[in-house]
Every structure is written in structure tokens, then in C-alpha cells.
Chemist: 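Could you have a look at this structure, given as C-alpha cells, before my questions?
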Amino acid sequence: MAVYPFAEIEKKWQRHWDEHKTFRTPDEPDRARPKFYVLDMFPYPSGAGLHVGHPEGYTATDIVARYKRMKGFNVLHPMGWDAFGLPAENYALETGTHPGVTTARNIDRFRAQLKALGFSYDWDREVATTDRDYYRWTQWIFLKLYERGLAYQAEVPVNWCPALGTVLANEEVIDGKSERGGHPVVRKPMRQWMLKITEYAERLLKDLEALDWPESIKEMQRNWIGRSEGAEVDFEVEGRPGEKVRVYTTRPDTLWGATYMVLAPEHPLVDALTAPAQRDAVRAYREKAARKSDLERTELQKVKTGVFTGGHAVNPVNRKAIPVWVADYVLISYGTGAIMAVPAHDQRDYEFARQFDIPVVEVVSGGDISKTAYTGDGVLVNSASEWVSINGLSVPAAKEKITRWLEGQGLGCRKVNYKLRDWLFSRQRYWGEPFPVIFVDGRPQPLPAEALPLVLPEVESYKPSGTGESPLATIESWVQTTDPATGQPARRETNTMPQWAGSCWYYLRFIDPKNGRAAVDPAKERYWMPVDLYVGGAEHAVLHLLYARFWHKVLFDAGVVSTPEPFRKLVNQGMILGEMEYTLYRDARGHPVSAERVDDNECEQGTGEKLQAERVAEEDIEKQGDAFVYRVQPNVRVSARSFKMSKSRGNVINPDEVVRLYGADSLRLYEMFMGPLEQVKPWSMKGVEGVHRFLNRVWRLFTAEETGTLNGEIAPAEPSREQWRALHAMIKKVTEDIEGMRFNTAIAAMMEFLNDAQKWSPRPRAALEPFVLLLAPFAPHLAEELWSLLGHSGSLALEPWPALNEAFLVEDVVEIPVQVNGKLRGRIRVPADAKQQDILAAARAEDSVAPHLAGKTVRKEIYIAGRLVNLVVG
RNA sequence: GCCCGGGUGGCGGAAUGGCAGACGCAAGGGACUUAAAAUCCCUUUUCCGAAAGGGAGUGCGGGUUCGAGUCCCGCCCCGGGCACCA
């Protein structure tokens, strides 16, 4: 490929931007201009370096940032590092290298890679969560949480992972195994710091409405918060007047259908309710349940287990006694840890009742309870007693009436519950923020803000202590301290904060990264917040985004920030998969096995035989119907799909390599041209070559082939009407598409323009210079070089964005397609200002149309101004 | 099981209810070249036809409409998330 000197150009302009601090956002920006804060989810600087997924979102935000600058906005576009976390610590365990050393090295590599891609970050604002000056304020925010009663300690059964020697958050455990490494996880009670995110559940839910976020992400957060409306109802314990069991239900209307009650194994009233005869069975069941890991609880979900306590509870609506069971399908951590079971109208209770032969009583008509539970709406039946009746009502009306009645009788009350749990906020790890807390006589006491940062001490070994405590617990000299207030001996908290902590507020620090007196200056915060555009992967849909919103609201209540929500608009970039792979399967004898007979584990369906997978070249493949087949044996189907990039599959694309071969501009442009930003899409090296060819053609549009100097065709000539039209059509399309983040079609519009412009001779400067400016956000290095070749000095980064003049888009003659009965039959060319009747007459008379009208009556004539004619005949 | 996305040429993908397939890739043909690469030009949804032209066509089946890839109803498939939360 004869190519433009991208390597030289890119290095030259990267140096220029660096030296001139072209993208520095002034500390005191010109307040007369509008602001735009465009943020990427900052990366964890892993040892593997950048992968091609990173530049996808980063290019998108960079295009927006560069565009907004040219539109006259003050743009804040920073980058930093989410640098605490397990990998560096695990590496330290293996090699003895201090995580700080590894982290610094990885950050240097990431920074160099990002700079090589030409992103317009203000590098003066770079922060890492591991910087003392940064985590000082993370600790300060923890103190705020503590002050406001939102941080507390609890002895909670946590996810203890013996292999990692640490406790994991619920969300770090997947199918009973650790998210990292896939090690088994068991439950173990430990003293932990918790954050009361549940106190903010309602606001976190309600404030989602106004956010310009993908509906799917909002929905995931809603599900995670899991709000439900119902009632708490008290059931008296039979034979023990005054003793009550409180249950939570969303279906108080089904109280008459409650045929038994279930307590969670951990429920405090289990002992009191258990009859002597059942004591051994209940104790055995509770012990078994306590030993069950989450893995076992989920694995056993198909078969429900439980034991009868021998005790009974009295249904408050009809004074009937119902048996009380203990079963682990009821969770102690949700609601009251006890339920009234209505097998006729709840699938879980239905399964349990069937298994233990408990009666099923229908109280809502409309289903067939001999087959399955009916959870839909219907008319209430069998729901009356001498005190109250809800028979004949619909479900919502019945809920309302019975709830009122319960409240009136003092037997129950309305209650809203959330699935959301408090946030387990401590880790037994070294490489994290130390808690600014000491224990005096065993009681926690926060350090004063002046004592921050509480610096992470040096440690000899990174091994977890093994008891579940962090490596910090092994440094006696650090752990032992004195209370600054009283001088009493004290011990330090040895847990550290989870990785989420640092990423909960980094967007605030970017606003004022060097402030030594505050996390962020209030005036600056008011100017820049909220973040106008936040781009990152959908894997953070719930956790990072929910935690950050929570902290932000706490800071809002504390008067630290001025907006109730941090991120106004959120966009998730889709994953980039590896190249499309065609795979042929063979059995042990080497015979090909057609792909539809191969299961997900690469085994043959039926025989279960493990098959050999073999990559096949594209030219050996043919499409037949909706399947791909092996060309030499067309009866054998081949699987055709692309996979997530992974080392083990060997399909990882290295961005450095792409930059070396085609340049950063080509990588940027390709990632944007692949398809819509949000979509999952497969990589194609041929596609990279395609956009690279486009950039080469752009280069040749402006330069003379041999000399690399300005092309002689570039002339001060006045552009023709057609040339103006081509230019302004592109300006319109590119501008609108950047605003709508449709970068793929913006690039297509520039390609169309180039295809035209290449044919021009001469090439009027006035029509070409704006093209360079439009290209600049996408391929900034090439654009800068062309701009300077065109005789301009300095960077084009702050040149005004080309203005659209709609007048150039107006055409004198328009082409209008003509349909007959909805089928395209021809086109007519008419003056743009032609009258409807003239257009319709021309349409009827058109050579290709007239035959389709012959001998028929035109029943209706439809004309959509400037777009289409449809003649309905019959 | 439930909740979101999504199914359009050989491939990635375009199309305010109004010309389906923009743009790019791949493929085929041609020009330039001693040759190749690079570059440039042409063809390329499919079927019938030498052509002109015509038929079919956006996962499947219905519907609304002058007109549906787009809206409505029912299904199938793929991707993601959640999953004893009472």
C-alpha cells in the first residue's frame, strides 16, 4: 500500500499538542461561553495494556470534545486511573513487587498508548485513585458518610473466598464462585463496614426518570433496587397470646388463601414456635441451611426443602390457625424474614405445598389452581369472615380494602420494601484506601479531617493474614496508635475500601484536581457539573453507576455538590468481538459433523462425543439458505460467528499493532465506522484497510503525489453550485450525526463527499477547507497536517466549526419517484416549485408509468410534497 | 421463567410511515504495468429474460394504511441482564 506518512504526521502533532498544551482547560474559563463536560469511564491500568475496546468509547468522546471546542464550548475532557484493585496485589503476591510500582508502570504504559491515539485530554488534570492527594478525599468522603450515620459496622455473613483469602461483595460472586478466578465462595460471619445505600433507595429510583440514559440501564437499576409495595401483617402465635410473627406480603388480598406460614431458618422466633416433638428436626434443618453456601441454595432451587415446626399461627382475618414451617426459600434478609404462604396464588408456595401436601385454597378466580398458581387479576372468592369480606372485589380493590381494615384493627400496615441491600464496603486487602477510623476501647472513632490522608503503610508481605484480616493487620507498629483527642492507646482499622470507592467521585476531582483544601472547589463544581456526557461499558450498568449516584446524593445533602445527579447523559459502547470465525467440527475418526448437531460445549448432540474444532478459511465456505456450509461437502454446516476477544482463543487485536500498520487516525476512524456505538460488533482488519484507503485518498486530494506538497488542483476558484451543495450536504449530515452520536454515518457522508471531490478539477479551496475541519474530530492528525499544508499556522483545534448554509441545499429541479399501487414505476424530474396538479399530470404522462394506468381508473392520487407520487388504480 | 435489546445482500451496516440495500468490505470484470503491489473505472439482493422489462424480497404468520424494514397482534431465533426478594 502506497501510503501517506501517517507515522511521522501523528508523532509531529502529538508533540505539538503536548508542547502547546492545546487541550488544556483553563482553571478560570471564560464564563461567557457554554460549558461541556465529556467524560470517559476511566480505566483500570492493567498489565496487559490497552485493548481495542478502550479506544472505542474514548474516540467517541474525543470526537464530541473536539467538535464542542470548535463550536465554542469550554470543554472539560479529562482522563485518569482507577488504580487500586486486586490484580496489582495478586501480582505483588507472586513477585514481591510493590503494587505501587506495578501500578505506576502500567499507568505510564496506558498514558503513552492513549497519547499515541491522539485523544484531546487535558493531561494536566490526570489523577489516579492511588495518589495520596486523591485518596485523602476518598477518605474524607467516608468521614462524611460516617458523620451522617451512613457508615456502620455489622457482623454479617459475608462471601468468604478461601483461595483469595478475602471477602467479596455479592456482586463479585457469580454462581457461587469468585468473579475473578472462579474460586469457590462460602459464607462466614465477619465484622464489616456497611454503607446505608438503602436509605437512598427511593431517591435512587425516582431520580432515574429524568436522566438521559439508555432505558435498559435504567431498567436494570430499577430491578436492582427492586421496590415493591405491600403490607406487613401480624399473626398471633397460637397458644402464646401477645406473641406475634410479622410477615411481609405484596398480596394482602390473598390472606384467606394463606394455608401455612414460613419462617427463614435464621428467624429469631423459630425456637419459640417449635414444638418439643419437632425440636430435633428443626435444629438439624437450621444447621444444614446455615452451612449451605449461596451456591448450594441456588443449585437446589428446583427442590424446595423445609420442616414443620409443630407450631401454629393465627390468621388475623378469620382467626384460623395455620401451620408454621421453616424453609430456606424464605430469606432472612428480605422483608421480615417470614411469609404467609398462599399456594394458590404464588408459584413458590404452590411448589412447596404440593411437595408437602399442604392445602391449596383459591381466593382469586380466573386460573386453574389444579395445575399451577394463578398470579393474575380476578374476582376475590372465599374471602369473608364475620369481621370483614373482600369477596367480589378485583385484586387491586381487595388489596386496598383489606389493608385499610388491617390498619384500622392495628393488625398490619402498608409497607414498601426494596431488594437493594446495604453496601458491604470493606475488603481484607492491602491495595486499597485505608479507613480513617481507629478503635478506642474497641469502639470506632473517626480520625479528624486534618489527619488525612491516612497513608497506606509499607508492608513486608502482601499475603492476606489468613484469618480473614488484611495484610495491614500484620504491621503491629502501624495498627497500634493513640487517639489524637485523648492520647489513649488505640488500634487502627485494618480493612481497606473496595475498588468502587475511588471511582465513586473521580468526576468531581477532575474539576479541581490540585485542590489541597477541598475535594472540589464549590464555584468550579457549580460551573462544570453535571457531567454532560458519560461514556463507558454496560458492565457498569448497575454497580459503579448506582454507587456513584449514591455518593453523589450524599454529597448533595452535605452541600458539597450542587446537583442531585452526577451524569446527565449516559451512553454505553458495545463490545468489540474478534474477527468472524468459521468453524468445522470433526469427530474422533476425522469425519465432519454438521454444526446444527453440535452443542454449546462442542460435543455432538446425542452421542455426547467431544469434537475437534477446526478453523476454515472464508473461501472454503458457501452460504446455503440461512446456513453456511463447507464448500467441498455442502451437506456439512459450518458454524459462523465471532467471539469475545480472549487470550485463550487467540483472537485479541492489539491496538499498538493497528497503529503501527495503519496509524492512529485509521484506528479511530475504523472503530467509529464499524457501526452504531452502542452495538456489539465484530472486528475486521479488512475494514481497517478500507478506512485507511479513505484517509489515503483524502491525503491525495490535497497533496501532490511525489512531493507531498499542496496539490496543484487546489485553486482559489469559486465553487460551482453543485460543489457548494456537496459541501453543505456534508456539513449538515456530519454536524447532525455528531450531535446524535451516529459517527458511522457521519463518516459515510465524508466518504461520499470525497468520492465527488476527487473528480473536481480544479478543486476550489473554499469547498475543501471546511472538509478538513469536519474531518478533524475523527482523524485529527491528518486534518492538522492538511490544515497546515493549506497555509494555516498552528492548530485547527479551536477553528470555528463550518456553518451550514441551507440555501445551498435548495435544488431547482427535483426528482420524484412515481408509484402505481405502491409499486415504483418511474421517476419524473420537475421544477422544485411545480404545482401539485402539474406534478400529478407529469406522473401520469411518464413513459414508464402510463402503461400501468392504461385501461384502468385512477381512484386516488397521493402526492407527498417533494418526495413521492402514488397513483391508486383499480 | 421474567425484564430489556436485536434479526435487512457473501460480510459490517444505511433508510422523519414514502425510491430497501447509502457508505465500506469481499467477490467478478476491465485500465495502467514487463509483472506484481498500489491506484483508477465498471458489475454485484434474488429469480425469469439476449435485452427492454417483469416477478419476489428486510426472521415467520396475520393486521392497520394509498403505501410497512419502520406501526399493531401472535410466534420463532440470537444477544444481554435478573432469577426463590413474598
Chemist: Using the rule given for side chain to side chain donor-acceptor pair (under 3.5 Å), can you reason through A:D737 versus A:T745, listing the C-alpha separation, both sets of side-chain angles and the distance that settles it, and then say yes or no?
Modeler: CA-CA 7 Å; A:D737 283 353; A:T745 49; 2.8 Å; yes
Chemist: Return the 5'-most residue of the pair A:N223, A:M751 with respect to RNA chain B, ranking by each residue's nearest nucleotide.
Modeler: A:N223
Chemist: Kindly say whether the aromatic ring centers of A:F6 and A:Y662 come within a distance under 6.0 Å.
Modeler: no
Chemist: Under a 3.5 Å limit for both distances, which nucleotide forms a Watson-Crick or G-U wobble pair with B:G5, could you say?
Modeler: B:C78
Chemist: Search all heavy atoms of A:A338 against all heavy atoms of A:V245 and return the closest pair with its distance.
Modeler: CB-CG1, 4.0 Å
Chemist: What's the CD-C1' distance between A:Q221 and B:C3, to the nearest Å?
Modeler: 15 Å
Chemist: Distance between the C1' atoms of B:C40 and B:U33, in whole angstroms?
Modeler: 13 Å
Chemist: What is the per-nucleotide protein-contact pattern of nucleotides 10-16 of chain B, from the 5' end, where B denotes a base atom under 4.0 Å from a protein heavy atom, S denotes such proximity for sugar-phosphate atoms only, and - denotes neither?
Modeler: SSBSS-B
Chemist: Who does B:G18 pair with, Watson-Crick or G-U, both distances under 3.5 Å?
Modeler: B:C66
Chemist: Is the distance from OP1 or OP2 of B:C40 to the nearest side-chain N or O of A:Q758 less than 4.0 Å?
Modeler: yes
Chemist: Quick one: do A:R844 and A:E846 make a salt bridge, cutoff under 4.0 Å?
Modeler: no
Chemist: When you measure from the side-chain N and O atoms of A:N755 to the phosphate of B:G24, is any distance below 4.0 Å, counting only OP1 and OP2?
Modeler: yes
Chemist: For a quick test of reading the model: is some side-chain N or O of A:R700 closer than 4.0 Å to OP1 or OP2 of B:A38?
Modeler: no
Chemist: Whole angstrom is fine here: how far is it from CE in A:M220 over to P in B:A83?
Modeler: 11 Å
Chemist: For a quick test of reading the model: is some side-chain N or O of A:S216 closer than 4.0 Å to OP1 or OP2 of B:G80?
Modeler: no
Chemist: I'd like the P distance from B:G24 over to B:G30, given in whole Å.
Modeler: 23 Å
Chemist: Using a 4.0 Å heavy-atom cut-off across all strands, classify A:S333 as base, sugar-phosphate, or nothing.
Modeler: nothing
Chemist: Between B:A14 and B:C84, how many Å separate the two P atoms, rounded to a whole number?
Modeler: 37 Å
Chemist: State the pairing partner of B:A50; accept Watson-Crick or G-U wobble contacts with both distances under 3.5 Å, and report none otherwise.
Modeler: none
Chemist: Could you tell me the separation between the CE atom of A:M672 and the P atom of B:C25, rounded to a whole number of Å?
Modeler: 18 Å
Chemist: Determine whether the aromatic ring centres of A:Y260 and A:F352 lie less than 6.0 Å apart.
Modeler: yes
Chemist: Compute whether any side-chain donor of one residue and acceptor of the other, for A:S684 and A:E579, lie under 3.5 angstrom apart.
Modeler: no
Chemist: Check the distance between B:G79's P and A:R641's CZ and give it to me in whole angstrom.
Modeler: 7 Å
Chemist: B:G18 P sits how many Å from A:L868 CG, rounded?
Modeler: 10 Å
Chemist: Report the residue (A:T249 or A:M575) whose heavy-atom-nearest nucleotide on RNA chain B is the more 5′ of the two.
Modeler: A:M575
Chemist: How far, in whole Å, is B:A15 from B:A68 if one measures between their C1' atoms?
Modeler: 13 Å
Chemist: Return yes when atom CD of A:E229 has more than 12 non-hydrogen atoms of other residues, nucleotides or ligands closer than 6.0 Å, and no otherwise.
Modeler: no
Chemist: Return no unless some side-chain N or O of A:K686 is found under 4.0 Å from OP1 or OP2 of B:C25.
Modeler: no
Chemist: Mind checking A:R859 for me? I need base, sugar-phosphate or nothing, with any heavy atom below 4.0 Å counting as a touch.
Modeler: nothing
Chemist: So if I apply the side-chain hydrogen bond (donor to acceptor under 3.5 Å, both in side chains) rule between A:T372 and each of A:R354, A:E351, A:Q347, which one comes out positive?
Modeler: A:Q347
Chemist: Contact class for A:D346 vs. all strands (heavy atom < 4.0 Å): base, sugar-phosphate, or nothing?
Modeler: nothing
Chemist: Would you call A:E202 and A:R227 a salt bridge, taking side-chain N to carboxylate O under 4.0 Å as the test?
Modeler: yes
Chemist: What integer number of Å spans the C1' atoms of B:A22 and B:G12?
Modeler: 13 Å
Chemist: Take atom CD of A:E678 and atom C1' of B:G79, then tell me their distance rounded to the nearest Å.
Modeler: 15 Å
Chemist: Quick one, A:Y285 and A:T305 - any side-chain contact, counting heavy atoms below 4.5 Å?
Modeler: yes
Chemist: Look at A:K244 together with A:D234 and state whether they make a salt bridge at an N to O cut-off of under 4.0 Å.
Modeler: no
Chemist: Tell me what A:S684 touches on the nucleic acid: a base, only sugar-phosphate, or nothing, going by heavy atoms under 4.0 Å.
Modeler: nothing
Chemist: Which nucleotide sits closest to the side chain of A:V872: B:A86, B:C41, B:C66?
Modeler: B:C66
Chemist: Syn or anti for B:G63? Use the chi torsion, O4'-C1'-N9-C4 for purines and O4'-C1'-N1-C2 for pyrimidines, with syn inside 90° of 0.
Modeler: anti
Chemist: Using only atom types and a distance under 3.5 Å, with no angle test, would you say the side chain of A:T254 pairs donor to acceptor with the backbone of A:G257?
Modeler: no
Chemist: Looking at the rings of A:F753 and A:F771, which for Trp means the six-membered one, are their centres under 6.0 Å apart?
Modeler: yes
Chemist: Given the C1' atoms of B:C2 and B:G54, what is the spacing between them in whole Å?
Modeler: 49 Å
Chemist: For nucleotides 50-56 of chain B, tabulate all protein N/O to nucleotide N/O atom pairs closer than 3.5 Å, reporting atom names and distance.
Modeler:
residue : atom : partner : partner atom : Å
B:G54   : OP1  : A:H852  : NE2          : 3.2
B:G55   : OP1  : A:R825  : NH2          : 3.3
B:G55   : OP2  : A:R825  : NH1          : 3.1

Chemist: In the strands shown, is B:C84 matched to any nucleotide by a Watson-Crick or G-U wobble pair with both distances under 3.5 Å, and which?
Modeler: none
Chemist: What's the gap between B:G69 and B:G17 when it is taken at their P atoms, as a whole Å value?
Modeler: 13 Å
Chemist: Send over the distance from A:N572 CG to B:C4 P, rounded to a whole Å.
Modeler: 17 Å
Chemist: Please list residues of residues 814-822 of chain A whose heavy atoms come under 4.0 Å from any atom in RNA chain B, ordered by number; otherwise none.
Modeler: A:P817, A:Q819
Chemist: Taking atom C1' in both B:A31 and B:G49, compute the distance separating them and give it to the nearest angstrom.
Modeler: 31 Å
Chemist: Please tell me if A:Y329 has a side-chain N or O lying less than 4.0 Å from either OP1 or OP2 of B:A86.
Modeler: no
Chemist: Show the nearest heavy-atom pair for residues A:T336 and A:V247, with the distance to one decimal.
Modeler: OG1-CA, 3.3 Å
Chemist: Taking a pair as Watson-Crick or G-U wobble with both distances under 3.5 Å, which nucleotide is matched to B:G57?
Modeler: none
Chemist: Do the side chains of A:E215 and A:R222 get close enough for a salt bridge, i.e. N-O under 4.0 angstrom?
Modeler: yes
Chemist: Round to a whole Å and report the spacing from NZ of A:K419 to C1' of B:C3.
Modeler: 10 Å
Chemist: Consider the side chain of A:R693, meaning its heavy atoms from C-beta on, and name the nucleotide among B:C84, B:U39, B:G18 that approaches it most closely.
Modeler: B:U39
